[in-house]
Each structure stands twice: as structure tokens, then as C-alpha cells.
Amino acid sequence: MRTLFAFPSALVTKPLFIAVASLVSWLAISAAHAEIVQVPEGGRPVPVGQDRVVCGNSPEGWQLSSDHRSIRPPASASVPHRSFEVSVAADAAGCARPQGTLTLVATGRWPEIDPASVTFYPDEGRLELKGSRLEGMQVAWQAGNNTGRETCLAPVTAGKAQHCVLPLQRDLPSAAELRWLPAHAVDAADAVFFDQRGQRANAAKFVIRPARFVLGRVFEPAETLDISQGLGTVSLAHPEAIATVDCGLARCEFGEGRITVRYVPAVASQVYVSARLAPRFFAKHGDKLETSASARFALLRCPLSVASGPPLRDAEAPHILVKMDERCRTSARLRWTVGAEPAEVVREVHSGEGDFVLLRTGQIAGGSVTITASRADILAGVIGSVTSPTMAPPRPQSFLELPKHGPINFIPTNREAQWSVAGVANASLVPLGLPGAYSVRTEKDRTFLRGARNGAGFVNLRYAYRRDDLPQGFEDVDLAVLTETITRPLHEASVPVSFTDAKRQPGPLAEFLCADPGGKATPLVVGQTAQIPFVARGTCRVVIHQERLSPEDGQQEVVLEIAVTSASGRRRSEASVNERMVLRPGGHSRVFYLKGITRQFDQVTVRLSHVVDESRYVLGSAGKQVPPSAQWTATVEGGRARLYVSLSVPAGLYRINEPAASLTLNFGVLGRITWLDRRGKEGLLGLETGVLGASLIPQQYEGSPAFPPTLVTLLGLGLRVEVGQGAAIGVHLWGAYEFRSEYSYTPSGAEAARSATHWSLLFGPSISIGNVGTDL
């Protein structure tokens, strides 16, 4: 065998000689067996094996020695030239018939790992380490037949060091084998690695030895320890991490990968197991790492089961129905505990299916609860226990409704409301009363509730939780008391009451009264216009009977409006009333006398209405409903005729008889008498008389001299229509006498002039202003 390297004798020390000898031995073996050679980028040349040369040329970046017996990796390998295969032969002449192939791989520069930073989390499947040149580094793991490999892709730089977290398979044993490989390396059984100096690295170089093992759990998940056979076994997640164990008053033995618990005291309902961890092992509790771990186990002696389903947590007065096997039946008195609190036995039933015990306990918190039965005698031995998951209480959805009036969102104190509750799966919610707040009454399949009299404030409705699948004899058991999340106000329900309902007892809520001719107070009818004697106008009043309100009606907020207008339509402001008031059941009657009625035919309107306030009233569910209202109207009686005087401006009067003339501008005082209807409205036709200044602007007519201005007294008929504010328009036919000088005219076809008569017949329209007179 030829040597590949020569060293000066002065430099050949014993360690160096051993290293060279090992390299020479490997070169000899690798010639026959090595198939993959992996060298880091920028490393020194490495031999391809003893008595072997590389046939052909190297790819870009790789450098072959002149004799083709060693090769140097590139300083930075590109992807196409990072790995390649070459043919090898004993010498250059043998390349015509190569002996085999060799795969050369340029890996990344080797990382430097801080050994003290390596932390292994086997339960979480995580490996954390610090160092330099970590990017691309690979970590391979093996646990039995399970293997895997992960790559550090994006390490976090902190100062001069890099921090890398690699995800591994969860729940690995702490004894799992961990190895690192440089970036781009091939993990193969026949792979040979060279370091940066060109020296071969053995397999131990790549082993990762964690400085710390952080365990997510030490004990296998369990809440109970079965000691029905005299001893119990606690399973361990990582037996190799245990140094010593302790079980308090009981005796513990650690061996064969588990903890055996013996000699448990009879009074114990649970056992506390503590384990001290071996060096480099830590138990994780939140953000803390501890060198010991502990667990509490409920002792299971006799099989128990919860027959009432998962207990409700955070519920009031919870009850639990427990089933025991017949073989657990004993004559000794039993003591029951739920969690750490004692429970009271409410009922016991022995049947062929087993023994049932109903327990009453305090409020339960947490996701699970343990029920334990123990002997109450001197031995105080635990009979058995069971751990049951708890269940969040269902959220009750209830609806309150006033019959015939619709849904409400409060609890009425003056009448009953129907209470409906939505069902839940495999259970039912039964409404419960709350003394001092509200009471509950059941009629057939309906439930009614009513708030306490004079109650106020806010309250939550309560329900009894019952299961539909309980054994016979426990159908009526309330397993818990639930409280509704919604807080409901407690006050009386106000239902808008009709003001004029004659069927109400003892009578309508409101009346409009006036004295009749005999002086007796008579109620006016709603919706009909009544006649009030003028002499009785001071007796009219509105009476609101608060004493007729029943407590079930509740308070009524109403508005009283009184308006008085004259026959001409003018509103009398001094007679107007607009008052808002609250009516309370059992109060005194409220009386409002009408004022401001001063003239005949005055129109009186009285309106009584509820205030539209949904926060006060229950208005029903059929859309936007309007509360009932009432309106009375009345007219003050007056005469059958009216005599009055007004200023009149007849425009365009026409003198009908000869000589006919158009009297352009006229002005005077006109008196008129006409009949009146029952509301004081005057008739269209009336008898008129008066004095006018006529033809104040003379105009010539048919060639005759202009008709002279004259003072006219008249008597006749007229049609008159009011247009508002004391004004009217009319058409008149008057017989008149003219106080003027003589007026001569020449009729058509006549030769001699004639003297015009002072009597005339006038016709034409007019405008009247004012209305001063009296009713007859």
C-alpha cells in the first residue's frame, strides 16, 4: 500500500500519527466501499481514495489536482454543480475501463452549535439551539423505527449568534437519537464527510446531545387511580426522567417504567404523587421550568357512574344522581363528597338496575368534578369515586306575553303574563317563582307569572333544569336552578283603556256632561254633535274617573284638549285647554269645567287621547297600534234668525228701469235679516234694507246725460256667501228711492225729454265687510 502524504519526522507526533493512520485506513476501505463523499464549500482538497483517480474533468467550480487523485470543492457551489458523479479507476490508463462511480457533494459550511443552548422538547416535538451558520442546517431524528429530518430555514439573529427552532414529531421519547447535518448534505449510510480542513469526520461528530430536556408532561394523563386490587399503578410518560418518587402517607415504588402505589390510608380519597427529575430534565409549568413534577389522583375503589348526565357548572343548587353497582352495596353509612365539598343525600332508590343516590351539592366550577363515596365508620375507607365532565348551563330563552295584548319585556306587577320557555335537548326548563319578586301559576299546559305588588327594580327569571332520561322515581328532580341572563324590569303593565266603553264596570272612564233644560247633568255622546242650551253653557264639564281604573289597567298617561270656536270659525284662545296628566287606579275623579263659551252657536270640541309611549303602554304586536281616543263635539244653542248690519260696497249695480244705467261706484250701510241653522250658519237668502251712496262716479249711458250721484234707501232681497274674516260676497235685487235732483233723459226713438222717476229697481253684486248684529 502506498502512502498519500509525507510529513517531516520532526513534526510527526503521536496524535498526528494516529490521525494519519486513521485517514490512510479509511482511504483503503473507501476504495472498496465509499460511494458518496461530502465536503463543505471552500474546504481544502480531499483525496478520492487510495489507488484511485478521477476520470474526466470536474464541473465548474471544482478543482482536480494534476494527478486527479484529489479534488477541491468550490468556494460557493451553484445548484447545478453542487452534486455530480465521476468515474474512478486505479490510474489514468485504467479510465478506459472505470472501476466504478463516486458521488461528490458540496455541502454548506459547517455550523457551529453552542452545546449549552441545545434544548429538546420531546412532548412538544421541538428542538431549540443557538450558534452560527445555522441556516440550511439539517437535524435528523430517530426513535425506534420512526425517523425524520427537518431543516433550519430562517434562524433569528440576536447579536452575533443565531437562534433556530426546529419542529420535530410530537411525543418523542427523550432518548430519541438526534444528529445534525450541514446544509445540502445527503443523509445516506455510505456517505463520508470531510470537514473544512479536508479531514474525515466520524459519526460521533454529528451527534446532538441536548443540554436540557423540557418535558410537557411527566405522568400519563389520568385523573383517577384504581386501587380496588390493593395497589395502583401510575403510568409515566418519560420513565428515564425520574430520579426519585414520593406519595406522602402512601408508599411508592419506582421500577419497570412505572410507579406502583401501595398501602393507601383508608381515609384518603386521593393520592398525591411527587417525582424528582434526573439531571438535565425539567418539567414545564406555564413559563417556568421545574426540577420536579407532581400529580393528584382520585382513588377509584368501586365503579360509580353519573346517571343524571354531565353536572351543570356555575349553576345554583346543583343535584347529581349517582348509580352504584349492586356489588358496592354495604350496610355501613356512606359519606359523599363532590369535589372537595361534602354532599347531602336527598333520596336513595334500590332497584334491579342498581342503587341510585341523589346528591345535593354546592356550586360546581371547572370542566370536571369528582364524586367520591367513602365509609363513615372508623375505617373511613373509600368505596369509590367517579370523575365526570361538567357542562355549561343552557341559556334559557323565554317569552312574556300579556294575553290579548302581545309580548312584553318586563314583569308586570298588576296582572299576570303568560310565560313561555324554549326547550333544550334531552331536558326541560320549568319556570320557578322567586319569593318577594314574582310568583308563578300553572294552568293546564300554560304558565303565568306576576310580579309582587308594589315591586320595583330589576330581576332575573329562574328555571328548574330537569332531564327527560332520569330513572323512574326521579322524574320530578330539579338538577339545577338556572337564572336567565337578561335582567327584566319589574313594574306595572299599563294597557291603554277605552275612555267611553259603556261595558266597563262601574262605567266609562271619561264623560262630557252638560245640564239639560231641566238642569240634570246629561252625558254627551261620542262622535255626535250635541246641542247645549245657552243658559246651561256654564254647567259643561269633563269628568275623568280615576276611581274606575282597575289595578290591571295600570297608570294611564293622557292628554285632554278643549277648543272653543265661534260660529264664524274664530278660535277662542281663553277657552282652550291642553293638559297632559297621569291617571292612577284608585285616584279621585278629575273635573274640568269649560270656560270661554260666551256666544250663541259657539262650537265646543273635547278630545281625550292616550300618549303614544311604548315604554309605558303595551300596544300589542300587530304593527304600530294607536291607543284609543275619544272626541266630543257640541254647539251652543241660539236663535233662529239673525239681524245684523255690515258695510257694503256694491260693484256695478245696474238700474233696471228707465232710464237704465250702470252705477259704477257705490258705498253704504246694509242691514240684513236671515234665518240660522242649528250650528249658527246663516241662510243664503235674506231680507235687506239700507242706505247707499250710488253712482259716485257718474257715467254717460246711451247718449243721455250721466246719471247723477244720489243717496238711495233700499229694500229687497239678497244672496250672501261668507268668504271668511267677516267678509262676504252677495247678489242683490233691491227696490230703491233716490234722493237726488231732477234728471231728464230722452228715451230711444222719442223726440221729447222725460223726467226720471225717483223710484228704481237695482240689481248687482257687492262685497260686504263686518257683521254687527244680534241673533233673534
Side-chain angles (χ1 to χ4, degrees), residues 304-324 336-339 341-371 373 386-401 411 416-451 459-488:
L304 303 178
S305 62
V306 178
S308 55
L312 299 185
R313 59 178 176 267
D314 301 324
E316 182 182 349
H319 287 64
I320 302 174
L321 183 63
V322 180
K323 178 182 178 182
M324 303 175 60
W336 292 87
T337 58
V338 176
E341 300 295 329
E344 178 186 354
V345 178
V346 178
R347 189 185 309 173
E348 291 185 77
V349 174
H350 304 286
S351 66
E353 299 179 359
D355 295 345
F356 294 94
V357 181
L358 180 63
L359 304 175
R360 177 167 54 218
T361 182
Q363 193 174 73
I364 299 173
S368 62
V369 65
T370 300
I371 301 101
V386 60
T387 299
S388 171
T390 61
M391 183 178 70
R395 296 185 179 274
Q397 293 184 354
S398 61
F399 306 91
L400 300 183
E401 181 180 5
I411 301 175
E416 287 186 336
Q418 185 172 344
W419 185 358
S420 303
V421 184
V424 295
N426 301 322
S428 59
L429 300 178
V430 180
L432 294 179
L434 182 61
Y438 64 87
S439 58
V440 174
R441 180 179 67 89
T442 301
E443 180 181 328
K444 296 182 179 179
D445 57 345
R446 297 189 301 172
T447 302
F448 300 90
L449 87 161
R450 180 170 182 166
V459 69
N460 300 88
L461 298 178
R462 291 157 49 91
Y463 310 83
Y465 175 76
R466 296 181 181 177
R467 297 277 299 190
D468 300 332
D469 53 357
L470 295 185
Q472 186 176 2
F474 296 94
E475 299 87 350
D476 59 341
V477 171
D478 298 339
L479 296 178
V481 175
L482 307 182
T483 302
E484 191 178 41
T485 305
I486 300 174
T487 301
R488 300 178 185 268

Kindly say whether [Y] contributes a backbone atom to a donor-acceptor pair with the side chain of [X] at under 3.5 angstrom?
| X | Y | value |
| --- | --- | --- |
| Thr361 | Ala343 | no |
| Gln397 | Arg395 | no |
| Arg467 | Asp478 | no |
| Thr390 | Gly366 | yes |
| Arg488 | Val459 | no |

Separation of [Y] [atom2] from [X] [atom1] (nearest 0.5 Å):
| X | Y | atom1 | atom2 | answer |
| --- | --- | --- | --- | --- |
| Leu470 | Asp476 | CG | CG | 9.5 Å |
| Ser439 | Leu449 | OG | CG | 7.5 Å |
| His319 | Arg360 | NE2 | CZ | 4.5 Å |
| Ile411 | Trp419 | CD1 | CH2 | 7.5 Å |
| Glu344 | Leu358 | CD | CG | 9.5 Å |
| Ile364 | Asp314 | CD1 | CG | 9.5 Å |

Could you check if a side-chain atom of [X] sits within less than 4.5 angstrom of a side-chain atom of [Y], using non-hydrogen atoms only?
| X | Y | answer |
| --- | --- | --- |
| Phe356 | Ser351 | yes |
| Ser308 | Leu479 | yes |
| Pro471 | Leu321 | yes |
| Thr337 | Ile371 | no |
| Val338 | Trp336 | no |
| Arg462 | Tyr438 | yes |
| Tyr463 | Leu432 | no |
| Leu482 | Leu429 | yes |

Which pair of heavy atoms, one from [X] and one from [Y], lies closest together, and at what distance?
| X | Y | result |
| --- | --- | --- |
| Gly362 | Pro318 | O-CG, 3.1 Å |
| Pro310 | Met391 | CB-CB, 3.9 Å |
| Ser388 | Pro311 | OG-CD, 3.4 Å |

Discussion item. Could you tell me if Ser398 and Glu484 have a donor-acceptor pair between their side chains, going purely by distance under 3.5 Å?
Written reply: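 There is such a pair between these side chains.
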
Discussion item. For Asn460 and Thr487, which I'm curious about, is there any donor-acceptor pair between the side chains at under 3.5 Å?
Written reply: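 Distance-only check passes for Asn460 and Thr487.
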
Over 12 non-hydrogen atoms of neighbours within 6.0 angstrom of [atom1] in [X]:
| X | atom1 | value |
| --- | --- | --- |
| Arg441 | CZ | yes |
| Gln472 | CD | no |
| Gln363 | CD | yes |

Practice prompt. Go through Phe474 and Val349 one step at a time and tell me if the side-chain contact (heavy atoms from CB on, under 4.5 Å) criterion holds.
Written response: CA-CA 9 Å; Phe474 296 94; Val349 174; 3.4 Å; yes

Discussion item. Can you tell me which residue among Leu304, Val369, Ile320, Thr370 is in a side chain to side chain contact (heavy atoms under 4.5 Å, CB included) with Val386?
Written reply: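 Of all the options given, the one that passes is Leu304.
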
Worksheet item: Using 4.0 Å as the upper bound for N to carboxylate O, is an ion pair formed by Asp355 and Lys323?
Response: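 No, no charged N to carboxylate O under 4.0 Å.
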
